[in-house]
Amino acid sequence: MATQLSKNFEHQSAESNWYNHWVDSGYFYSTPDNREPYTVVIPPPNVTGVLHMGHCLNNTIQDILIRRARLQGKNACWVPGTDHASIATEAKVVQMLREKGIAKSSLSREAFLKYAWEWKEKYGGIILQQLKKLGCSLDWNRVNFTMDPDYYEAVISVFVDLYNKGLIYRGKRMINWDPKAKTALSDEEVIFKDTQSKLYHLAYKVTDESGQATADTIVIATVRPETILGDTAVAVHPDDERFKHLHGKYVLVPLINRRIPIITDEYVSMDFGTGALKITPAHDMNDYQLGQKHKLEVVDIMNDDGTFSEEAQLFVGEDRFVVRKKIVPMLEEQGYLVKIEDYPNQVGYSERSDAVVEPRLSMQWWVKMQPLAEPALKVVMEDEIRFFPVKFKNLYRHWMENIKDWCISRQLWWGHRIPAWYDNHGNFFVAKNEAEAKLQAAHKLLLAKGEVITEASLQHAAQSLQLVQDEDCLDTWFSSWLWPFEVFKGYSNPGNDDVKYYYPTATLVTAPEIIFFWVARMIMAGLEYEKQIPFKDVYFTGIVRDEKGRKMSKSLGNSPDLLEMIDRYGSDAVRFGIMISSPAGNDLLFDVKEESTLKQGSFFVNKMWNALKLIKLWEERGIATAEAKSQESFSEINWPNFWFEARLQQGKKEINSLMDQFRLSEALKTVYSLIWDDYCSWYLEWIKPDFGTPINGHHFNSAIRFFEELMQLLHPFMPFVTEEIYHSLKERPTGDDLCIKVAAAENELDLLLPGNTPSGYLQQGELLKQAITAVRDVRNKQQLKPRDEIAIAIETSQPQVYQNIGSIFGKQVNAQISFGTSSKAGSAVVNIESDKFFIHTNQQVDSAVQKAELLKDLEYQQKFLESVSKKLSNERFVQNAKPEVVEFEKKKKADAEARIRTIEESLHSLQ
RNA sequence: GGGAGCAUAGCUCAGCUGGUUUAGAGCAUCUGCCUUACAAGCAGAGGGUCCUUGGUUCGAACCCGAGUGCUCCCACCA
């Protein structure tokens, strides 16, 4: 029965219909069973995020992997979820409040969090809805959020556990301080601006043994002369000859005459400034580290609002910039100032208040990384976890071998609050909740008082205690590092069926920029808490750039509106467009203006749609069911089917191997060309019936079966149009959907090719294609219209090769075919291998064109022969090269010689 | 400053263990076609100093050294 197909694939309605059908049929839901699991956990997008190109690439890749696993008969489980993203979300909420005229500082923590949760309820999860439009086959029964009650508890409990294991400690750290907003800033919130600064050269007096100033001085260079009041050393390079006589001596800080040591460190560069560096541990990141290394005193000369403190001795209560203005003339007056140079440098400004950021020491929480990093490095180096592409192994090793402790506290409210409580004696207690913290405090108190500790006395003492919880939150990554197992409640409910079945997960797909933030830490947490790696393979995607090579970002405004693109081109086309040029780990240029790959994608959809229309047209016109009369005619009739079968199996193997290596864009290119070139351009043309004749039944049935198999191959990449075509090809019983149709395993690929090997069919096919193309080329060059009839005489030593393809050949080039030597004056000639094709036509052949073509070919072959002969006459080549290589060169030589003979004969016949 | 990577057709990229490479694909270009699925198409064609340079080798796009240009990550230099 005839099916009415619309002119185009109507993606807008079809895509959402299919998606709903898949979800309603439960195809994306997974529960443990006896199949092999294939698990992927989504890198949780920010809860308030919206879909951008990065997500699109990342999630398309995951969907391709998951859908392929499903078609391989595995139990595919893709877990969705979102991240609370403390900094980003808090910033958005603060901005929203500011627009309403509410300052965060005017709100209590509770009131702020209420706004934040309202915001999350309103905007959270929009991105997950957008992923549905993209076709992502996520298990919607398993949505997780890093601040779900269970998850929150797991994070807190991991903190307490690591603290009890001695892996979490408190320590001072240099942070970016905003003196205007009086808050700490994360590195991401600091904007560096090019600034024209001045470099002040200051002379420090060197002291003698009694501590008195001598005439000797050492000159340092600084852009912040006001900070000299906090200096606790002067550093020089140990090999610097200019200062060797000063090693171990002391100098006096100008104006206040504090005695500080001269230290040596290779950190100091000899060729910058004066080669001598003042060290101010309290007010400079690097100085702080040097200070730690050399156990220097820390003198903090500033208050939290940027004014000078008592410690400074001078300018107490005055602003840092005022001090800078005042101190320079003072230094000059007293003879300390040697010179002032212009010096362009970068100065950090607060993203929020535009104040110049002040590096400042503060108490933070830390995770000791060394013990966690060692096993996590090992599993990657020994390929228990494989990285694609491998180049990231090096990067990973370098970082893991030089790992620094992880600062996990953030001066934010939105997130997991640090489970530490303080009493007013400077003690702190780490516990899962306030009650437990109080018990700890009570225990300590009773112990100190020497009182008897009983359950009752503890409870009693605890009741009267007042503790204050730490104000800070944990770094977002401190929750997301638990993601691969906690989405299955692996920590909160250890050893449950889900975590046993799904963990370790199969593949993690993520961006290389978070290899340290996230990937490395998940490996650590997985090994620490599940005693197993969290995933077997990590696929690093590229960075999406625009046509000018710029990273796509909101601030540049060069990120296209994805939902609009999906509306216009369809999800399949968008997926195609983004995948066709994105090899693993390589950046991918996405031409937003031209949208060329999107167009290519939608052209491809259209092409397949038209192939479907052709088959439907054949069906309408009736199918010839007559059996072949003989074995010969059976082979001849079925030759295109056998050829395509062979080609298809070859393609499948190639695609499987590419997919196994995560070479997804190449796999897609291979399917694309298999469908467009081999199936549409060659196969369908070869079986196309003559006008007015019905299609042969063997051809029709094979065409449908091949189309189904091609749709199955393409389905992971372009799920919607493939499902639609699959259903349009035939009536299907309920539940017969491409989305879950398990493909034959590679070792089951039945060739069923009678009387020949696949390579025989493939070779014959190549010959046929070559012959057709060559004759068409002659037609073009001789300006023969496709309708002009011609006759071709093939002169060949092995006519049996043409037995099954002769008639197709004749039809494709619109020619009468005969065999034998029948060169005629005025005919054109082409050479395929060592066969000659004489083309007879009623029209006058342009023999100059013919001759030129042949001579060009001849020249090429002669040069080729020359290079091969040269190689073969090189004794050392014959001696050293592998025998098979030499053999091959000999064959190349023989072939070239035969070919040259053929061309010469053809040329001769033209005379 | 430290580390990593890249450089092949106009553009985006393949080219795996050095020898089917006198280097492939897609897009773009050019020519001819409204041929009864598809002009969003069909048919055909042209297009390369494999960044430069030195070396290793019988043999280099591929391995090594140097140079040039670009990109990314980390630390952001008094």
Side-chain angles (χ1 to χ4, degrees), chain A residues 5 7-8 192 199-200 220-224 227 235 267-269 272-280 284-287 343 345-346 348 389 391-392 394-395 398-399 402 512-513 515-516 543 545 547 549 551 580-583 585-591 594 596-597 599-600 602-618 661 663 665-666 669-670 672-673 676 680-681 684-685 688 690-692 772-774 776-781 783-787 814 860-861 863-864 866-868 871 874-882 884-886 888-889 891-892 895:
Chain A
L5 290 175
K7 190 161 188 289
N8 299 310
F192 285 91
L199 199 55
Y200 301 88
I220 59 92
T222 180
V223 288
R224 299 196 59 191
T227 61
Y267 166 78
V268 184
S269 46
F272 188 88
T274 61
L277 170 66
K278 71 187 210 60
I279 307 293
T280 321
D284 184 283
M285 301 275 181
N286 295 303
D287 289 9
Y343 176 64
N345 68 342
Q346 293 199 315
K391 68 178 176 189
F392 290 109
N394 265 333
L395 188 69
H398 188 259
W399 192 73
N402 299 287
E513 55 238 65
I515 183 169
F516 309 129
I543 294 164
R545 299 174 177 283
E547 72 283 356
K551 201 164 160 177
I580 197 68
S581 56
S582 60
N586 277 6
D587 288 358
L588 114 95
L589 268 80
F590 193 83
D591 194 332
E594 298 287 328
S596 55
T597 57
K599 281 181 191 156
Q600 202 188 340
S602 62
F603 293 173
F604 185 36
V605 168
N606 188 250
K607 182 73 187 178
M608 292 186 283
W609 196 249
N610 278 301
L612 172 70
K613 268 162 68 180
L614 177 62
I615 287 175
K616 288 284 131 186
L617 193 73
W618 287 342
Q661 299 166 69
R663 298 170 70 165
S665 75
E666 280 160 76
K669 279 176 191 164
T670 309
Y672 175 79
S673 143
W676 197 305
C680 293
S681 297
L684 289 181
E685 293 299 332
K688 196 181 253 181
D690 290 335
F691 189 68
I772 293 170
T773 302
R776 281 175 179 165
D777 189 26
V778 170
R779 274 188 177 276
N780 253 330
K781 295 215 163 92
Q783 298 184 335
L784 291 166
K785 295 251 154 54
R787 282 173 194 270
N814 192 21
Y860 178 93
Q861 295 297 336
K863 276 192 179 167
F864 181 74
E866 203 180 307
S867 83
V868 177
K871 217 179 216 182
N874 184 337
E875 261 176 57
R876 290 199 287 181
F877 168 73
V878 181
Q879 275 165 19
N880 295 325
K882 280 180 272 178
E884 59 267 33
V885 172
V886 178
F888 190 75
E889 291 298 317
K891 185 180 178 298
K892 264 156 79 177
D895 287 351

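Convention: sequence-line order gives letters A, B, ...; per-chain numbering from 1.
Atoms CE (A:M608) and P (B:rA40) sit 18 Å apart, rounded to a whole Å. Protein atom CD1 of A:I279 is 13 Å distant from nucleotide atom P of B:rC77, rounded to whole Å. If you take CZ of A:R663 and C1' of B:rG15, they are 9 Å apart, rounded to a whole angstrom. The distance from atom CZ of A:F516 to atom P of B:rC73 is 11 Å, rounded to the nearest whole Å. Put simply, NZ on A:K391 is 13 Å from P on B:rC73, counting in whole angstrom units. Taking atom CZ on A:F604 and atom C1' on B:rG41, their separation rounds to 15 Å, with Å as the unit. Computed from coordinates, the A:W399 CH2 to B:rA4 C1' distance equals 16 Å when rounded to whole Å. We find that CG of A:L784 is positioned 15 Å from P of B:rG32, with the value rounded to whole Å.
The closest side-chain donor-acceptor pair between A:K599 and A:T597, if any, does not fall under 3.5 angstrom.
If you check B:rA78, B:rA43, B:rA40 against the side chain of A:R776, the one that comes closest is B:rA43. Taking only side-chain atoms of A:N394, from C-beta outward, the nucleotide of B:rG5, B:rG41, B:rU20 with the closest atom is B:rG5. The side chain of A:N610 lies closest to B:rA37, out of B:rA78, B:rC42, B:rA37.
As judged by a 4.0 angstrom heavy-atom cut-off over every strand, A:L277 is placed among the base-contacting residues. Nucleic acid contact class of A:Q861 (heavy atoms, under 4.0 Å, all strands): none. Counting any heavy atom pair closer than 4.0 Å across all strands shown, A:K892 reaches sugar-phosphate atoms only and no base atom. Contacts of A:T773 with the nucleic acid, taken as non-hydrogen atoms under 4.0 Å apart, involve only primed sugar atoms and P, OP1 or OP2. Using a 4.0 Å heavy-atom cutoff across all strands shown, A:D284 reaches no nucleic acid atom at all.
By the 4.5 Å heavy-atom criterion applied to side chains, A:K613 and A:K616 are not counted as neighbours. Between A:Y200 and A:V223 the shortest side-chain heavy-atom distance does not fall below 4.5 Å.
Taking the ring pair (Phe, Tyr, Trp, His ring centres under 6.0 Å) definition, one finds that A:Y672 meets it with A:F576, A:F604, A:W676, sequence neighbours left out. For A:R776, the salt bridge (charged side-chain N to carboxylate O under 4.0 Å, His left out) criterion is met by no residue, not counting sequence neighbours.
The same atom, P, is picked in B:rU31 and in B:rG46; the two are 15 Å apart, to the nearest Å. Atom name P, nucleotides B:rC72 and B:rC13: the rounded distance is 14 Å, in whole Å. Taking the C1' atoms as reference points, B:rU49 lies 29 Å from B:rA4, given to the whole Å. Look at the C1' atom in both B:rC16 and B:rC34: the space between them is 45 Å, to the nearest Å. Taking atom P in both B:rA60 and B:rA75, one finds a spacing of 44 Å when rounded to whole Å. For the C1' atoms, the distance linking B:rG19 with B:rG1 amounts to 44 Å, nearest Å. A distance of about 11 Å separates the C1' atoms of B:rU56 and B:rG65, rounded to the whole Å. A distance of about 11 Å separates the P atoms of B:rC64 and B:rG5, rounded to the whole Å.
Separating the CD atom in A:Q879 from the CG atom in A:N874 is a distance of 9.0 Å, to the nearest 0.5 Å. Rounded to the nearest 0.5 Å, atoms OG (A:S602) and CH2 (A:W609) are 14.5 Å apart. Distance CZ/A:R779 to CG/A:N814: 5.5 Å, rounded to 0.5 Å.
Stretches of at least 3 consecutive Watson-Crick or G-U wobble pairs, with each checked distance under 3.5 Å, appear in RNA chain B as B:1-7 with B:68-74, B:10-13 with B:24-27, B:29-33 with B:41-45, B:51-55 with B:63-67.
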Look for any protein N or O under 3.5 Å of an N or O in nucleotides 27-29 of chain B and output each such pair with its distance, or none.
none

All N/O contacts under 3.5 Å from nucleotides 46-51 of chain B to the protein, with atom names and distances to one decimal?
| from | atom 1 | to | atom 2 | distance (Å) |
| --- | --- | --- | --- | --- |
| B:rG46 | OP1 | A:K856 | NZ | 3.4 |

Considering only nitrogen or oxygen atoms on both sides, find all protein atoms under 3.5 Å from nucleotides 57-59 of chain B and state each distance.
| from | atom 1 | to | atom 2 | distance (Å) |
| --- | --- | --- | --- | --- |
| B:rC58 | O2' | A:N874 | ND2 | 2.7 |

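Taking the nucleotide of RNA chain B with the nearest heavy atom to each of A:K669 and A:Y860, the more 5' of the two is matched to A:K669. Sequence order on RNA chain B of the closest nucleotides to A:K278 and A:F691 puts A:F691 first from the 5' end.
Using a cut-off of 4.0 Å between Lys/Arg side-chain N and Asp/Glu carboxylate O, A:K669 and A:E666 are scored as not salt-bridged.
Donor-acceptor pairing under 3.5 Å, judged by distance alone, is absent between the side chain of A:E666 and the base of B:rA25. Side-chain N/O atoms of A:K613 and base N/O atoms of B:rC38 include no donor-acceptor pair closer than 3.5 Å.
Between A:A221 and A:T274, the shortest heavy-atom distance links the atoms N-OG1, 3.8 Å. Across every non-hydrogen atom of A:T222 and A:K278, the tightest pair is OG1-CE, 3.4 Å. The minimum heavy-atom distance linking A:F877 with A:E889 is given by the pair CZ-CG, 3.7 Å. A pairwise comparison of heavy atoms in A:V878 and A:V886 identifies O-CG2, 4.2 Å as the closest pair.
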List the steps and the verdict of side-chain contact (heavy atoms from CB on, under 4.5 Å) for A:T227 and A:D284. CA-CA 10 Å; A:T227 61; A:D284 184 283; over 6 Å; no

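Side-chain atoms of A:N880 come within 3.5 Å of backbone atoms of A:R876 as a donor-acceptor pair (strictly under, hydrogens ignored). Judged purely by atom type and a 3.5 angstrom limit, A:N610 uses its side chain to pair as donor or acceptor with the backbone of A:N606.
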